[in-house]
Enquirer: 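What follows is a structure written as structure tokens; I'll ask about it next.
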2 protein chains.
Amino acid sequence: MPTIKLDRIDRRILAEIQRDSSISNLDLAEKVGLSPSPCARRVRQLQEAGIIDRQVTLLDQEALGLPLTIYVQVSLTNQATGILENFERQIRGFDEVMECALITGSDADYLLKVVMPDMAYYEHFLLKKLNQIDGVASIRTSFSLRRVVLRTELPLGHLQ
Amino acid sequence: MPTIKLDRIDRRILAEIQRDSSISNLDLAEKVGLSPSPCARRVRQLQEAGIIDRQVTLLDQEALGLPLTIYVQVSLTNQATGILENFERQIRGFDEVMECALITGSDADYLLKVVMPDMAYYEHFLLKKLNQIDGVASIRTSFSLRRVVLRTELPLGHLQ
DNA sequence: GGTGAAAAGCTTCGTGT
DNA sequence: ACACGAAGCTTTTCACC
């Protein structure tokens, strides 16, 4: 993955397409003060450099009938490689798990973020899915009462 | 926000554009087995119903020089409205905070996900930013050792 | 990096089933 | 509610300055 130098214009391009990927190259060029050709060239280079990953559509969690978000801290009985690998494979197969990270600095091994339609599903998820995985020792759940921030835009200030 | 009924085709449309929003209406129509006109109409209706939120570009965290992800549990001295409101306003102003939720079921009040370039920034963030907020009583940090799952696609299985 | 032209592709109608 | 087809527009992509 080649590291390319990002100047002020690159950062403005990234800021804009992070916020709205439906913008046309024509409009993007105008916004960043460039003509369309070099603007398109920069975007292509940012893709080739691996800085631009992909374009997605974000749906509305509540409108889709998924009002509940929980954060789950999972501890395993031990950190044997097989236990970890199996746990992670199972987790990857649960599409309600939006995020999962192996963490340190806590007594838990993994932190998960999970979305769900209702409390009945919550019980099902914990008992029939999470707890069925081999090596799961303890589960601690925190319910999200209110989402204060949820961003997909990475900060760019550190590049200046 | 009107609730509309989602049939099989709507779900296939949502699944596809969640994965890749750069697809044209022509290709999308073919994928879901529709001609372009009704496909475009459905997408428009999904937008008007508030189910489709927006289109964004996802950047690569590591390529951008932000290899560190931490999860922070913050406890406040009390839950007075002013303390909460001020905390949330400050947090919203930190663009390295990717996620923040008011939570229950834990001894902490808030859970944050924060990305950063290095350990020096970590110290800066904790001491000069988080700890400066009025009413912050304690901070517990967990470092992400490995990202196992990170999705923006919401599950659709519960709609069937 | 800017400009302009050409070509390709897409979306949006109207019409018919 | 969907399919088809044509019209009109936007966008991308060159070659050249």
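What's counted below: heavy atoms across the whole structure, side chains too, no hydrogens, waters or symmetry copies. We name chains A, B, ... by the order of the sequence lines, and we start the count at 1 in each one. Please read these numbers as outputs of a predicted model, since none were measured by experiment.
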Enquirer: Round to the nearest Å and state the distance from Ile23(B) atom CD1 to dG9(C) atom P.
Expert: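 In whole Å, dG9(C) P and Ile23(B) CD1 are 16 Å from each other.
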
Enquirer: Roughly, in whole Å, what's the span from CG in Asn25(A) to P in dG2(C)?
Expert: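 Between P of dG2(C) and CG of Asn25(A): 12 Å.
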
Enquirer: Applying a 4.0 Å non-hydrogen cut-off, can you work out what Ser24(A) is touching in the nucleic acid: base, sugar-phosphate, or nothing?
Expert: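 Result for Ser24(A) = sugar-phosphate.
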
Enquirer: Using atom CG of Leu28(B) as one end and atom P of dG9(C) as the other, report the distance to the nearest whole Å.
Expert: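 Taking atom P of dG9(C) as the reference, CG of Leu28(B) is at 18 Å.
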
Enquirer: Could you give the CG-to-P distance, from Leu26(A) to dA8(C), as a whole number of Å?
Expert: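 These atoms are roughly 19 Å apart.
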
Enquirer: Starting from P on dG1(C), measure out to CZ on Arg41(A) and report it in whole angstrom.
Expert: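 The answer, rounded to whole Å, is 6 Å.
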
Enquirer: Starting at CZ of Arg44(A) and ending at P of dT11(D), how long is that distance when rounded to a whole Å?
Expert: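 Roughly 17 Å, once rounded to whole Å.
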
Enquirer: On a plain distance test, is the side chain of Ser37(A) in donor-acceptor contact with the base of dT3(C) below 3.5 Å?
Expert: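 Present.
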
Enquirer: Can you tell me the distance, in whole Å, between the CD1 atom of Ile9(B) and the C1' atom of dA1(D)?
Expert: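 Going from CD1 in Ile9(B) over to C1' in dA1(D) covers 10 Å.
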
Enquirer: Test Phe87(B) against every option in Asp134(B), Asp109(B), Leu76(B) by the side chain to side chain contact (heavy atoms under 4.5 Å, CB included) rule and name the one that passes.
Expert: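 Output: one option passes, namely Leu76(B).
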
Enquirer: Is Glu96(A) paired with Lys113(A) through a side-chain N to carboxylate O contact shorter than 4.0 Å?
Expert: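 Looking at Glu96(A) together with Lys113(A), the answer is no, because their closest N to O distance does not fall below 4.0 Å.
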
Enquirer: Is the distance between the ring centroids of Tyr122(B) and Phe143(B) under 6.0 Å?
Expert: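 For Tyr122(B) and Phe143(B), the ring centres are under 6.0 Å apart.
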
Enquirer: Can we say Glu88(A) and Arg146(B) salt-bridge, meaning some charged N sits less than 4.0 Å from an Asp/Glu carboxylate O?
Expert: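 Looking at Arg146(B) together with Glu88(A), the answer is yes, because their closest N to O distance falls below 4.0 Å.
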
Enquirer: Output the rounded distance in Å from CD (Glu30(A)) to P (dT3(C)).
Expert: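 From Glu30(A) CD to dT3(C) P: 13 Å.
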
Enquirer: Does Arg42(B) put a side-chain nitrogen or oxygen below 4.0 Å from OP1 or OP2 of dC2(D)?
Expert: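 For Arg42(B), the contact criterion (side-chain N or O under 4.0 Å from OP1 or OP2 of dC2(D)) is met.
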
